[in-house]
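To start, the structure under review is shown below, and the notes come after it.
So you know, we letter chains A, B, ... as the sequences are listed, proteins then strands, and number each from 1. Just so we're clear, the structure is a prediction, and the values are computed from it rather than from any experiment.
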2 protein chains.
Amino acid sequence: MGITERKEREKAEMKRLIMDAARKLFIEQGFEKTSIRNIADEIEYSPGTIYLYYKDKSELLFDLHQESFQKLIEQFQRVLNIRDPFERLITMGRYYMQYGFENPELYELMFLMSSPIETVECREEIWEDGHVAFDMLRNIVRECIQAGYFKIDDVEGTSMMIWAAVHGLVTIHLRKRTTMFREGERIPRLEHAYERFVELIKGKI
Amino acid sequence: MGITERKEREKAEMKRLIMDAARKLFIEQGFEKTSIRNIADEIEYSPGTIYLYYKDKSELLFDLHQESFQKLIEQFQRVLNIRDPFERLITMGRYYMQYGFENPELYELMFLMSSPIETVECREEIWEDGHVAFDMLRNIVRECIQAGYFKIDDVEGTSMMIWAAVHGLVTIHLRKRTTMFREGERIPRLEHAYERFVELIKGKI
DNA sequence: CAAATAAAATGAACGGTGTTCAGTAAAGCA
DNA sequence: TGCTTTACTGAACACCGTTCATTTTATTTG
């Protein structure tokens, strides 16, 4: 009965075809501005066909959401070979910001979009990879505390605070709230602010 | 010729009537979910009428945007009587977060929404009040440096970094990325993270 | 192989959106 | 009173996400 297997394979291929087109358009012109009809045009199928493979538009987002967190986790793994936990922490922060600046539309739906959660909040799996990523931060902070880099033993609060700082910097850029800086100087300014933050947690400020 | 004056007054009153309805609905159900027809229903006029007073939907946002920054600046002014610049700074941060938590929809359009800027980016006035608010932060940071609270003389970078930290905390909450915490514990956790940040810039971490 | 069945794809239709504009009603003026 | 200006209306346009009766294509059965 190789036929049902082929069917399944074809179904998966079709989903991937749709997903690839959707990702391309979402990244190009954003989620809101991408219509089901656009995606249908891109793959040269009718709009109705997409609904045979994805429940609705938010399920497309859900899948891309998962994929994007996997990609961030991959970035974080590049850091694991760094011995010194503090060095590892600040490099992780740099990679986080880099990810946000280089993949604005993915960052958007991971951390900035309100719709995906509200529409598919019943699906708890949506945050599984998010928790994996945050756990990586927590573990490094814990190591930093154990190694004596932070005097206060508060993994949770410190992790949160560090995340908020880099997330804030990325968000300010992605939402274009940097009108006080000249164009082209904006990302450097934010990276400079991150350096200030690093100095801060080094205790040098 | 009191008649033209009355006309102008009536025009202003009508704009306020529309704005009041729009603000109410935006706060209640968000900008995206509020339609021009909703606003028209609320004030018992036809949809077309609204376009006689506001160019388009984004201009409604523009006006509310201005109003919201005024409100934030008012909050910041409550802080000016605090003598110690460092105490003033951390209280300002607390007021900022409080504003975000208490006025999620206003914060949304001030700092999180991408549409208002893209649609009316030609209007430079849109950030005037934003710059006033940021200048207030800059000035306090400058005072903190002068008073010896910060060793590094970098008003711009330090201000940016501090804004990013509190903005990050507010944004994490508003976009509901706090699934790692139990409901009802979320804001306290973020406030706790802010306290960690305060300890940090006090040099105690 | 042909007919019957099952699966896949279609595209018109529904109710929604922001926005425009010809037409109507009211107000101001001579 | 008649004329002009202003205010307002609501139908119409082009889009949106989504559904579903219908048609096309593929597979199974006789």
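- Residues meeting the side-chain contact (heavy atoms from CB on, under 4.5 Å) test with A:D41, sequence neighbours left out: none.
- Within 4.0 Å of A:Y53, counting heavy atoms only, lie sugar-phosphate atoms of the nucleic acid but no base atom.
- If you measure from atom CG of A:L17 to atom C1' of C:dA8, you get 15 Å, rounded to the nearest angstrom.
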Nucleic acid footprint by protein, nucleotides 11-22 of chain C - heavy-atom cut-off 4.0 Å, B for base, S for sugar-phosphate alone = B-B---BBBB--
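- Straight-line distance from the CD atom of A:E59 to the C1' atom of D:dG17: 15 Å, rounded to whole Å.
- In this entry the distance linking CG of B:L52 with P of C:dA26 reads 16 Å, nearest Å.
- Whole-Å rounding puts the B:I50 CD1 to D:dA7 P distance at 16 Å.
- Legend: residues meeting side chain to side chain donor-acceptor pair (under 3.5 Å) with B:E10, ordered by chain and number and at least two apart, are B:R6.
- Comparing the axis of the opening five pairs of the helix from C:dC1-D:dG30 to C:dC29-D:dG2 with that of the closing five pairs yields an angle of 30°, rounded to 10°.
- Residues that satisfy the salt bridge (Lys or Arg N to Asp or Glu O under 4.0 Å) test with A:E191, not counting sequence neighbours, are absent from this structure.
- Listed by chain and number, the residues in a side-chain contact (heavy atoms from CB on, under 4.5 Å) with A:I73 are A:Q77, A:D129, A:V132, A:A133, A:M136 (sequence neighbours excluded).
- Atom NZ in A:K11 sits about 12 Å away from atom C1' in C:dA9, given to the nearest Å.
- Here B:Y107 pairs with B:Y96, B:F111, B:H167 under the ring-ring contact (aromatic ring centres under 6.0 Å, His included) rule; sequence neighbours left out.
- One atom, CD1 of A:I39, and another, P of D:dT18, lie 10 Å apart when rounded to the nearest Å.
- The OH-C1' distance, from A:Y45 to C:dA9, rounds to 9 Å in whole Å.
- The line from CD1 of B:I39 to CZ of B:R23 is 11.5 Å long, rounded to the nearest 0.5 Å.
- Both tests do not hold together for B:K202 against B:F86: distance to the six-membered ring centre under 6.0 Å, angle to the ring axis within 45°.
- If you measure from atom CE of B:M14 to atom P of D:dA7, you get 10 Å, rounded to the nearest angstrom.
- For B:Y95, the ring-ring contact (aromatic ring centres under 6.0 Å, His included) criterion is met by no residue, not counting sequence neighbours.
- Applying the ring-ring contact (aromatic ring centres under 6.0 Å, His included) rule to A:Y45 yields no partners; only residues at least two apart in sequence or on another chain are considered.
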